[in-house]
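Let me begin by presenting the structure, written as structure tokens, before commenting on it.
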Amino acid sequence: MSTSEEKAPLNFIEVKIEEDLKKHKNDNRIHTRFPPEPNGYLHIGHAKSICLNFGLAQKYNGLCNLRFDDTNPEKENIEYVNSIKADVKWLGFEWGDGEFYASDYFEKLFEYAIKLIEIGKAYVDDSTAEELSRMRGTTTETGTDSPYRNRPVEENLELFKKMKNGEFEEGSRILRAKIDMASPNIHLRDPAIYRIKKVKHHRTGDDWYIYPMYDWAHGLSDSIEGITHSICTLEFEVHRPLYDWILDQLEVFHPQQIEFARLNLTYTVLSKRKLLDLVNDKHVSSWDDPRMPTISGLKRRGYSPASIRNFAKKIGVAKRDGIIDVALLEHSVREDLNKEANRVMGVLNPLKITIINYPEGKTELLSAKNNPEKEERGEREMPFSREIYIEKDDFMENPPRKYFRLSPEKEVRLKFAYIIKCEEVIKDKAGEVVELKCTYDIHSKSGNDTSGKKVKGTIHWVSAEHAETAEVRLYDRLFSVEDPAGDKEKDFLEFINPDTKIVKNAYVEQGVKNFKVGDSFQFERIGYFCLDKDTSENQLVINRTVTLRDSWGKKKN
RNA sequence: AGACCCAUGGUGUAAUUGGCAACACGCCUGAUUUUGGUUCAGGAGAGUUCAGGUUCGACCCCUGAUGGGUCUGCCA
């Protein structure tokens, strides 16, 4: 038995590609494209598409273009173009010379339209939008022919050129493909392919008074670029007959459109319009608010490009639409950050401890491992002194069974330091524990413990005198229900989760000050965090990316 | 209502193209651990929406039903 390498199962698109390869279709060339409209920021759903399209090109030694579908100047702008380029690059993909814009093809697209008119397959229609809508029919009733449908070619040519020259009012006329008003597929009922829009375009300026519709621009752009596999989401399935019709009429290179199910994620929304609403209505601070499922939001939250790429790999590609558990996304970051992120200590909810048998004024440096998963990351020195902070949760006056942490008369290890014992609990008038008096065992020093003691729990701490204060933003899921957009009665905005806690008075070890904005690290025993761009000279701002898995916390509930 | 698409554990994706369902996440148990993390070992959980048919044999092919999605912009 030869142990040839396991081949990962192919998704249905790869199956299709390999069939094409077997038939030597397109001379075995594989060319995909990622075609965003620059009218918003990219989100995790786009990341799926980016990984798919660029990933296919990599796998089959092909190319993947980045093409901006910029045919609607009303909604598009250069800010979005730039953010999209930055996000794709950040995700780890390169398009080389393959940066294109549908607007680069406006002239060519116009000529193709002329050709379509010339072969009698397109006409200028003077009907109003309402008339067009009425004549289109419905899903059950066929449409009716427009009175302008049989205009002579010459007249169409002349009118279309006048449209181009700006001689008509916006909305007064459109160019339509002449297909079949009785088709059960509404997209084939003489669809509009050009409309008049006297709007300045972010790239072509005032050159054009007419702009092509998606169906006209997209397929032809694919064709012009020699795209072999034009991959898009399911809702374009009904457009495919039109995509094919256009290319067939013009007898040009004919890419194959393939549709797959777009990504849905629990506890969030992934539609550009809804994300825009969140930004515009100030429910979030910006497109890169760390709670946003945008690529820039995930980046700011502390997600690594690798974690997103791995997530995309895990979710697979298919035609069935479903909803993916965010837990899988969270697992993907933990998996990556566990290996990559250095450990530091941070106390989010401090409880002061005075170690009464530790000399006043003394400070010693203890060495701490930076990353147990990567010995080569070495060690750092942490100052230890008489007064320290521990996490409030790490002390209980009346502990339940199997509580491994600190409680009266009990001992725990301070990680990388000594074993301490709780001798006295100090409370305020309200009965709240405000401080602990402890003793430490001088023989229990980490690395050379001769005390012979073995304690069940190890907790994190930070020296009071040496700690830095930080603002820590404990982000939670953006919505409090699994499918906020799925409720028929309530608007998705009603499900926004208000529980993002901001902890102002966290104490963190000094080293955090040396991190750069965007650096990820683990607060031992708590979770993965990163330094936020709001950090200033005198204020550290830290975002929680995701908590650590917590089997104890789960058990308690 | 019509056309088109889809249907496999809680979730997502597989099943050498017809040979009695696998992987990942999540969940549970145990071991290891100076992170109740990681790692390791194990477990529960679907008989493939339903009803027929073809076949020695069906998740896979056929028919019908049911359920879900998409489509009636001069948006993409």
Side-chain angles (χ1 to χ4, degrees), chain A residues 7-11 15 35-37 39 69-72 74-76 125 127-129 132-133 136-143 170-176 183-187 189 191-197 210-211 213-215 217-218 232-241 259 261 266 272-273 313-332 334-335 338-339 343 345 368-369 372-373 402-405 412-417 419 446-447 449 454-460 482 522-527 547-555:
Chain A
K7 48 180 170 195
L10 304 178
N11 64 48
V15 169
E37 184 192 8
N39 68 342
D69 229 332
D70 55 350
T71 56
N72 185 1
E74 269 170 344
K75 295 182 177 171
E76 300 154 2
D125 197 318
S127 308
T128 64
L132 289 171
S133 174
R136 190 155 32 232
T138 65
T139 48
T140 46
E141 302 157 48
T142 61
E170 233 182 80
S172 64
R173 267 162 250 252
I174 55 169
L175 182 70
R176 304 175 76 181
S183 171
N185 184 338
I186 293 176
H187 298 280
R189 315 236 266 231
I193 55 179
Y194 266 94
R195 76 291 213 182
I196 301 169
K197 242 182 220 297
I210 55 171
Y211 291 94
M213 299 288 291
Y214 165 84
D215 291 297
H218 199 91
C232 60
T233 46
L234 250 28
E235 65 271 25
F236 291 101
E237 206 153 24
V238 282
H239 291 244
R240 182 157 27 100
E259 311 85 13
T266 55
K272 275 192 186 174
R273 207 219 86 225
K313 205 172 291 173
K314 282 177 222 254
I315 60 177
V317 180
K319 293 197 74 161
R320 163 174 35 159
D321 49 8
I323 185 160
I324 288 182
D325 196 338
V326 257
L328 188 56
L329 217 211
E330 294 172 345
H331 168 262
S332 300
R334 288 194 188 103
E335 189 181 40
N338 176 51
K339 289 177 302 189
R343 274 60 166 170
M345 306 240 209
K369 246 177 211 165
E373 305 292 317
K402 288 199 162 178
Y403 183 78
F404 299 155
R405 283 108 99 150
V412 270
R413 170 168 295 282
L414 296 174
K415 183 144 183 154
F416 301 131
I419 291 174
S446 258
D449 187 340
K454 43 183 193 293
V455 291
K456 199 82 171 120
T458 299
I459 64 174
H460 58 96
E482 273 199 14
Q522 182 195 113
F523 275 144
E524 294 258 8
R525 304 207 305 135
I526 302 176
T547 60
L548 252 32
R549 281 186 61 209
D550 180 11
S551 49
W552 170 246
K554 237 175 248 159
K555 210 174 276 180

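Throughout, a chain's letter reflects where its sequence line sits, starting with A, and its residues are numbered from 1.
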remark   = Judged by nearest nucleotide, the residue sitting upstream toward the 5' end of RNA chain B, A:Asn39 or A:Lys319, is A:Lys319

query = In terms of the nearest nucleotide of RNA chain B, which residue is placed more toward the 5' end: A:Asn185 or A:Glu76?
reply = A:Asn185

query = With no hydrogens and no angle check, do the side chains of A:His187 and A:Asp215 hold a donor and an acceptor under 3.5 Å apart?
reply = no

Write down the distance between [atom1] ([X]) and [atom2] ([N]), rounded to a whole number of angstrom.
{"X": "A:Lys314", "N": "B:G26", "atom1": "NZ", "atom2": "C1'", "result": "13 Å"}
{"X": "A:Met213", "N": "B:A76", "atom1": "CE", "atom2": "P", "result": "5 Å"}
{"X": "A:Arg334", "N": "B:C25", "atom1": "CZ", "atom2": "P", "result": "12 Å"}
{"X": "A:Arg525", "N": "B:U34", "atom1": "CZ", "atom2": "C1'", "result": "11 Å"}
{"X": "A:Lys415", "N": "B:U33", "atom1": "NZ", "atom2": "P", "result": "13 Å"}

Looking only at the side chain of [X] (C-beta and beyond, no hydrogens), which of the listed nucleotides [options] gets closest?
{"X": "A:Asp325", "options": "B:U11, B:C71, B:U13", "answer": "B:U11"}
{"X": "A:Thr139", "options": "B:U72, B:A76, B:C25", "answer": "B:U72"}
{"X": "A:Asp550", "options": "B:G26, B:G36, B:G37", "answer": "B:G36"}

Contact class for [X] vs. all strands (heavy atom < 4.0 Å): base, sugar-phosphate, or nothing?
{"X": "A:Tyr403", "value": "base"}
{"X": "A:Glu237", "value": "sugar-phosphate"}
{"X": "A:Glu373", "value": "base"}

task = May I ask you to say whether A:Arg240 pairs ionically with A:Glu259, meaning some side-chain N is under 4.0 Å from a carboxylate O?
result = yes

Does [N] have OP1 or OP2 sitting under 4.0 Å from an N or O in the side chain of [X]?
{"X": "A:Lys554", "N": "B:C27", "result": "yes"}
{"X": "A:Arg549", "N": "B:C25", "result": "no"}
{"X": "A:His460", "N": "B:U35", "result": "no"}
{"X": "A:Thr71", "N": "B:A76", "result": "yes"}
{"X": "A:Thr458", "N": "B:G36", "result": "no"}
{"X": "A:Arg136", "N": "B:G73", "result": "yes"}

query = Would you say A:Trp552 stacks on B:G36, if stacking means ring centres under 5.5 Å apart and planes within less than 30 degrees?
reply = yes

message = Surrounding NZ of A:Lys314 (heavy atoms of other residues, nucleotides or ligands, distance under 6.0 Å), is the total greater than 12?
response = yes

Base paired to [N] (Watson-Crick or G-U; both N/O distances under 3.5 angstrom):
{"N": "B:G37", "value": "none"}
{"N": "B:A3", "value": "B:U70"}
{"N": "B:U17", "value": "none"}
{"N": "B:A65", "value": "B:U49"}
{"N": "B:C23", "value": "B:G12"}

Result of checking A:Arg273, A:Glu76, A:Lys272 against A:Asn39 for side-chain hydrogen bond (donor to acceptor under 3.5 Å, both in side chains) = A:Lys272

message = Looking at A:Arg189 and B:U72, is any side-chain donor or acceptor paired with a base atom of the opposite kind under 3.5 Å?
response = no

ask   = Say you pick atom P in B:A21 and the same atom in B:U55; how far apart are they, in whole Å?
value = 24 Å

